[in-house]
Amino acid sequence: MSKKIRVRFAPSPTGGLHIGGVRTVLYNYLFAKQHGGDFILRIEDTDQTRFVSGAEEYIYETLSWCGLEPDESPKKGGAFGPYRQSERKDSYRKYAEQLVNEGKAYYAFDTSEELETKRKNVANFQYNIASRIEMKNSLTLDQDNVKKLLSENVPHVIRIKMPTDEEIKFTDMIRGEVAFNSSQVDDKVLLKADGMPTYHLAVVVDDHLMQISHAFRGEEWLPSAPVHILLWRYLFGEENMPQWAHLPLILKPDGNGKLSKRDGDRLGFPVFAMDWTDPKSNEKTTGFKERGFLPEAFINMLALLGWNEGSEQEIFSLKELIEKFSMERVHKGGAKFNYDKAKWFNHEWIKKFPVASFQLPVEILLKDNGINIDDPKKFEKVLELVKDRCTLLTDFVPQSSFFFQSPESIDVSAIQPKWDEKKNRFFIELIRAYEFINPWQHDDLEKEFKEIAAASQIKPGDVLLPFRIMLVGGKFGPGVFDIAAIIGKEETIKRITHTLQLLK
RNA sequence: ACAGAGGUGGACAAGUGGUCUAAGUCGUCACACUUUCAAUGUGAAGCCGUUGGUUCGAAUCCAACACUCUGUCCCA
């Protein structure tokens, strides 16, 4: 019988969730669901100096917006709790001490200051096989001294003792076999002076205790993988280790390097999934959600940022992704983030989605801009009419406001230069004719318009743009007669009259 | 510096020894349609990091070199 598939996303709650993090969640989720397994959220809050209030709640909200709900989490609970590492603090020490007793780890009493000066004085200082003999630890101090320091509660850490010249290798699901030489890896801290584990100890212990079968994380972790392999070998048996996959990095669009929040600020696109306000600095960072992205499009875009089915299909629903995703088809190389392509995904989803599926967020957006929807039928018609020209949900505001209220300003300057008495008379004539139209519908409006133009010896094209500006306020929006048909006779005539006044 | 990883048009990708004088999408530009902006359709530009090798044949396999990235915190 094969083991149950269990995967986890283990963020540290230190701020907004970066798209790289969301993509890791997504790949975890897809893999779990495809195999009928469990997706677990574990909070890695072992660094209390980096605690940020609200960050954990933000993670729940983000996953929820994305539709990637965990099966087990601190909030939801589960059979393998607690799911917050700070609450598991007591379970780590014994493993670290076990390693010390077995000679695979050691106590180190060097203070942070001592290490800092060391790093300053020695170029590329590493606490490793070569340097540990000159440091203050249980390998260099005599036993009595160590005992004494320990009993006096002198602050100390536990470091792993990397073996000399040993090949450590493992098979990565994306990269195949990856090998390291143990001599090149430094003696990482496993247990900090405050009794909290570092990431290195915590992942291994927690993945074991939570029976994690596959572990996915960003490529930046690859260099420390040998530490984790060794820990597995020492503690729980390498054969029980989860299968690793190191995901390619998401790179900044210009230049090289990892995409950071700063790049988003600098280049004007979101990097976080949702709005995040730093509780200390009060600095606000916009997210994809608030920028007007549909969660379906956001997920779709993220899935393709590092994975490709092998076909030419680019639009996938979450359900399709669950069916088709495979870790083997995740690229090895990092991908530069492309905001234009991200927007394209959103546009595609808006075009293909029935309007009902984004009616609510758009309604809220309009309300925020002072427009209340009181006619749902009309609202639906408007959405259908304008959705092709909305890339982001926020585009619906300028694209549909004028259906519900007269434009705030009229771009008269676009009409004025070519305006003359002949055109003025045309519109007066038009108003007169429109008064009699009943029922008020698209085709009749257009027909009447063209007839009057012909009678006035004006090309319809010459008065169409002015007409548009009268109704919309500017040079945009769907077909003018569609607009006129929806806003109604009274409003149409009112807007023409109003602009005619302005043109005097 | 050391270690690991990576590489196909401006960006993301398909392609894993012959059907590849390769290429889909985004973006850019042009044209068509048109009632502005979109949508839609058509077209344009652009060659597999470099060098060498294996082979009848290489984007695909091998090697070297260069380049880029990640890591080298009591951060995760």
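Numbers restart at 1 for each chain; the letters A, B, ... are given by sequence-line order, proteins then strands. Hydrogens, waters and symmetry mates play no part in the numbers below; they use all other heavy atoms, side chains included.
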Check: So, A:F298 versus A:F288, ring centres under 6.0 angstrom or not?
Finding: yes

Checklist line | Of the listed nucleotides B:C26, B:A14, B:U36, the one nearest the side chain of A:F476 | finding: B:U36

Note to self: Nearest whole Å is fine: how far is B:G71 C1' from A:L249 CG?
What the structure shows: 11 Å

Next item on the list: Return the nucleotide paired to B:C65: Watson-Crick means purine N1 to pyrimidine N3 with N6-O4 or O6-N4, wobble means G-U with N1-O2 and O6-N3, both under 3.5 Å.
Entry: B:G49

Check: Which whole-number value in Å describes the distance from A:D186 CG to B:G71 C1'?
Finding: 10 Å

Checklist line | Nucleotide nearest A:W344 when distance is taken to its side chain, options B:A5, B:U35, B:U25 | finding: B:U25

Notebook entry, point to check: Hey, does A:T391 reach any base, or is it just sugar-phosphate, or nothing, if we go heavy atoms under 4.0 Å?
Noted result: nothing

Next item on the list: Determine: side-chain N/O of A:S12 to OP1/OP2 of B:C75, distance under 4.0 Å, yes or no.
Entry: no

Note to self: Using OP1 and OP2 only, check whether a side-chain N or O of A:R175 sits under 4.0 Å from B:U70.
What the structure shows: no

Check: Looking across every strand, which nucleic acid part, if any, lies under 4.0 Å from A:G310 by heavy atom: base, sugar-phosphate, or nothing?
Finding: sugar-phosphate

Check: Counting distance only, does the side-chain N/O of A:T140 pair as donor-acceptor with the main-chain N or O of A:N137 below 3.5 Å?
Finding: yes

Check: Of the candidate nucleotides B:C73, B:G71, B:U25, which contains the atom at the shortest distance from the side chain of A:E314?
Finding: B:U25

Next item on the list: On RNA chain B, check which nucleotide each of A:S112 and A:E446 is closest to and give me the residue with the more 5' one.
Entry: A:E446

Next item on the list: For A:L259 and B:C12, give me the distance from atom CG to atom P, rounded to whole Å.
Entry: 13 Å

Margin query: So, does A:R50 get its side chain near the phosphate of B:A76, meaning an N or O under 4.0 Å from OP1 or OP2?
Written below: no

Checklist line | Distance below 4.0 Å between A:K192 side-chain N/O and B:C75 OP1 or OP2 | finding: yes

Check: Side chain of A:K336: nearest nucleotide among B:A11, B:A5, B:A38?
Finding: B:A11

Next item on the list: When you get a sec, tell me which of B:A5, B:A76, B:U25 is the closest nucleotide to the side chain of A:L222?
Entry: B:A5

Item checked: Euclidean distance, atom NZ of residue A:K258 to atom P of B:C69 [Å, nearest integer] -> 13 Å

Check: Base, sugar-phosphate, or nothing: which does A:F481 touch, judged by heavy atoms less than 4.0 Å apart?
Finding: base

Margin query: Base, sugar-phosphate or nothing for A:F180? Non-hydrogen atoms, less than 4.0 Å.
Written below: sugar-phosphate

Notebook entry, point to check: So what does A:V472 touch, heavy atoms closer than 4.0 Å: a base, only the sugar-phosphate, or nothing?
Noted result: nothing

Next item on the list: Answer with base, sugar-phosphate or nothing: what part of the nucleic acid does A:V480 contact at a heavy-atom distance below 4.0 Å?
Entry: base

Next item on the list: Determine the contact category for A:R329: base if any of its heavy atoms lies under 4.0 Å from a base atom, sugar-phosphate if only primed atoms, P, OP1 or OP2 are that close, otherwise nothing.
Entry: sugar-phosphate

Margin query: Donor-acceptor pair, distance only, cut-off 3.5 Å: does the side chain of A:E320 make one with the backbone of A:S317?
Written below: yes

Check: Nearest to the side chain of A:K332, which nucleotide is it out of B:G6, B:A1, B:A38?
Finding: B:G6

Checklist line | Nearest-angstrom distance from the residue atom CG of A:D172 to P of B:A5 | finding: 10 Å

Check: Under 4.0 angstrom, heavy atoms only, what part of the nucleic acid is A:N181 near: base, sugar-phosphate, or nothing?
Finding: nothing

Notebook entry, point to check: Can the ring centroids of A:F316 and A:F325 be said to lie less than 6.0 angstrom from one another?
Noted result: no

Checklist line | Any A:H331 side-chain nitrogen or oxygen under 4.0 Å from OP1 or OP2 of B:A13 | finding: yes

Notebook entry, point to check: Base, sugar-phosphate alone, or nothing: which one does A:D47 contact when heavy atoms must sit under 4.0 Å apart?
Noted result: sugar-phosphate

Check: Does NZ or CZ of A:K351 fall inside the cone over A:W349's six-membered ring, less than 6.0 Å from its centre and within 45° of the axis?
Finding: no

Notebook entry, point to check: For A:K343 and B:G27, is the shortest distance between a side-chain N/O and OP1 or OP2 below 4.0 Å?
Noted result: no

Note to self: Under 4.0 Å, heavy atoms only, any strand: does A:G477 hit a base, just the sugar-phosphate, or nothing?
What the structure shows: base

Check: Out of B:A3, B:A38, B:U36, which has the shortest distance to the side chain of A:H347?
Finding: B:A38

Notebook entry, point to check: Base, sugar-phosphate, or nothing for A:A193, non-hydrogen atoms under 4.0 angstrom?
Noted result: base

Next item on the list: Applying side chain to side chain donor-acceptor pair (under 3.5 Å) between A:D187 and each of A:R159, A:Q126, A:R132, report the one that passes.
Entry: A:R132

Check: Looking at A:F449 versus A:F481, is the centre-to-centre ring distance below 6.0 Å?
Finding: yes

Next item on the list: Answer with base, sugar-phosphate or nothing: what part of the nucleic acid does A:P155 contact at a heavy-atom distance below 4.0 Å?
Entry: nothing

Item checked: Sugar-phosphate only, base, or nothing, as touched by A:A108 at under 4.0 Å among non-hydrogen atoms -> nothing

Check: What's the closest nucleotide to the A:E220 side chain, out of B:G71, B:G4, B:A14?
Finding: B:G71

Check: Is the phosphate of B:U34, meaning OP1 or OP2, less than 4.0 Å from a side-chain N or O of A:R468?
Finding: no

Notebook entry, point to check: For the side chain of A:D388, counting heavy atoms from C-beta on, which of B:C26, B:A5, B:A39 is nearest?
Noted result: B:A39

